[in-house]
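Every chain is numbered from 1, with letters handed out A, B, ... down the list of sequences.
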2 protein chains.
Amino acid sequence: MAEAGDAATFAYRPLYLQVKESLIRRLIDGQWQPGQLIPSEMELAREIGVSQGTIRKALDAMAGENLLIRRQGRGTYVAEPEESRILFQFFRLMPDSGEPTFPTSQVLRRTRGAADREERAALALGTGAAVWRIERVRELGGAPLMAETIVLPAARFPGFDALGEIPNNVYRLYSERWRITVARASERLKAVAATPDDAKALGCPRATPLLRIARVAFDLENNPVELRLSRCLTRDAHYSSELR
Amino acid sequence: MAEAGDAATFAYRPLYLQVKESLIRRLIDGQWQPGQLIPSEMELAREIGVSQGTIRKALDAMAGENLLIRRQGRGTYVAEPEESRILFQFFRLMPDSGEPTFPTSQVLRRTRGAADREERAALALGTGAAVWRIERVRELGGAPLMAETIVLPAARFPGFDALGEIPNNVYRLYSERWRITVARASERLKAVAATPDDAKALGCPRATPLLRIARVAFDLENNPVELRLSRCLTRDAHYSSELR
DNA sequence: CAGTGGTCTAGACCACGCC
DNA sequence: GCGTGGTCTAGACCACTGG
């Protein structure tokens with residue numbers, strides 16, 4: 001980290017970004033675990049050999065990406081996939097009135113098969129790659145809200161079949177069981193008509209308009225790790241999006 | 001700005017936030033106009049009587065909210081509602097394949113009336129308040145994409161009836177004609193069935209599933225200034241949302 | 001070449017949480 | 001009272017832009 005200013009005219013990267021990447025590497029390697037208190041700014045500055053201000057810029061950037069949580073007076077922690085954070089960060093479907101709540105889940109099926117064309121494209125898989133598929137219904141206040149299909153590359157989730165019950169918060173499961181951190185996700189929304197299967201699962205008439213959310217989730221190294229297809233009833237709920 | 005550290009234990013506001021608010025005030029007052037080059041960091045620091053670093057934090061925060069555009073070597077500019085920025089910032093409906101494009105608009109109707117319950121709630125209006133309503137169809141590549149109703153509080157848009165043609169980019173119109181800057185927007189998405197009117201405007205069968213976007217746009221002072229109801233065909237397009 | 005924003009440093013003080 | 005992150009300052013140098 002001594003060659004801070006060698007800036008070969010091209011490929012110049014600010015020091016704080018280099019520091020940030022080296023710290024993200026510690027998250028990827030598992031050297032820093034979710035929930036853990038990391039060293040203070042002063043300690044990191046001494047260890048890495050840069051000023052406290054440079055460490056600060058790196059940590060602030062990581063906190064801005066929800067990888068770290070900074071708490072004045074206490075320290076800096078590695079972000080955890082706990083319910084409330086996931087709810088706020090990754091779950092944009094809100095009841096029309098009342099507070100956002102985490103829906104319950106009921107798993108219908110869990111199968112293994114060859115990834116189809118769409119799944120291979122979304123998950124960057126080769127032909128013939130195997131995937132796990134989880135189908136579940138999620139309810140809010142006792143009423144069905146969404147039918148969901150989660151598709152996981154089998155290669156990234158070894159021992160998936162040996163798993164007992166699948167919990168509601170699967171991102172915590174990915175983290176604890178396979179050390180996979182979901183860092184960001186990209187969603188594509190469309191309006192579709194309920195298929196007979198959807199109608200049955202959701203208890204709605206066939207061809208009811210549903211909000212279809214196709215989500216691809218990415219890990220810390222920006223590899224796609226999950227494809228999720230949700231078909232949502234939006235009679236009493238909506239997808240919330242803030243633009244600025 | 002001399003009493004930087006009087007911090008009455010409660011109601012403490014960091015200096016850079018106070019500076020930021022005073023600079024936002026210059027935008028609201030029109031002292032700084034869209035597109036204008038504002039004074040350099042050093043000049044502002046001297047004028048306001050704080051360090052360059054504090055000015056920087058304020059300007060960076062404003063740039064993060066897309067109020068300013070900073071360009072190394074050139075200076076800091078007030079953001080303008082130009083096509084490409086609006087497209088990127090406020091228009092999340094993308095073709096399934098190909099680059100995002102700004103759709104064309106054809107205005108069907110322009111009427112004035114009393115705001116209904118929903119409009120009053122969204123725009124924070126009192127009973128009996130008047131609104132303008134613009135109904136238009138937007139097309140992409142010659143095919144109808146969305147039917148849109150724009151609702152504006154008449155009080156905020158004086159002389160609206162004297163307006164000639166309504167341009168495609170209405171945010172630029174708001175800015176140039178009424179000095180209203182749209183700083184952020186909040187959207188609620190649902191799936192609905194096409195009404196007969198929608199079906200006619202969009203040239204689709206009745207009851208086709210449509211993506212319904214209800215957007216409320218806010219000005220620099222965080223007052224709602226526009227309600228927009230869009231019903232979108234999502235056969236060849238989708239709403240894009242990035243979560244991190 | 002001068003001027004701008006961007007980075008980096010070093011040091012002081014403040015607000016906060018915990019003991 | 002101590003250690004943490006948060007703010008504020010001052011100054012140096014770097015990368016980029018335009019004349």
Closest-nucleotide ordering on DNA chain C, the 5'-leading residue of A:G73 and B:D60 = B:D60

D:dC14 C1' sits how many Å from A:R13 CZ, rounded?
-> 17 Å

For B:T76 and C:dT4, is the shortest distance between a side-chain N/O and OP1 or OP2 below 4.0 Å?
-> no

Closer than 4.0 Å, any side-chain N/O of B:R70 to the OP1 or OP2 of C:dG6?
-> yes

Which whole-number value in Å describes the distance from A:M62 CE to D:dG5 C1'?
-> 16 Å

Send over the distance from B:I69 CD1 to C:dG5 P, rounded to a whole Å.
-> 14 Å

Integer-rounded Å distance: C:dG5 C1' and B:Q72 CD | 5 Å

Short side-chain N/O contact from B:T54 to OP1 or OP2 of D:dT9, under 4.0 Å = yes

May I ask you to decide if the ring planes of B:W132 and B:F160 are parallel, tilted or perpendicular, using 30° and 60° as cut-offs?
-> tilted

Think A:R56 has a side-chain N or O under 4.0 angstrom from the OP1 or OP2 of D:dG6?
-> yes

Per atom distances to the B:E41 side chain, the nearest of D:dG5, D:dT9, C:dG5 is C:dG5

A:L59 has an atom CG; how far is it from atom C1' of C:dC8, in whole Å?
-> 15 Å

Candidate nucleotides D:dT4, D:dT9, D:dC16, ranked by approach to the side chain of A:S40 - the nearest | D:dT4

Check: A:R74 side chain, A:R70 main-chain N or O, donor-acceptor pair, under 3.5 Å | no

Phosphate oxygens OP1/OP2 of C:dT7: is one of them under 4.0 Å from a side-chain N or O of A:K57?
-> yes

Atom CD1 of B:I38 to atom P of C:dT4: distance rounded to whole Å?
-> 12 Å

Cation-pi between A:R92 and A:Y239: NZ/CZ under 6.0 Å from ring centre and within 45° of the ring axis?
-> no

Taking only N and O in the side chain of B:S51, is any of them less than 4.0 Å away from OP1 or OP2 of D:dC8?
-> no

When you check the side-chain N and O atoms of B:N168 and B:R138, is any donor under 3.5 Å from an acceptor?
-> yes

Partner of B:Y174 under side chain to side chain contact (heavy atoms under 4.5 Å, CB included), chosen from B:V182, B:N169, B:T181 = B:V182

Please figure out whether A:R74 or B:Q52 has its closest DNA chain C nucleotide nearer the 5' end.
-> B:Q52

Presence of A:Y16 side-chain N/O under 4.0 Å of C:dT7 phosphate oxygens OP1/OP2 = yes

Can you check the B:I55 CD1 to D:dT9 C1' distance for me, whole Å?
-> 13 Å

Between A:L37 (CG) and D:dT4 (C1'), how many Å, whole number?
-> 9 Å

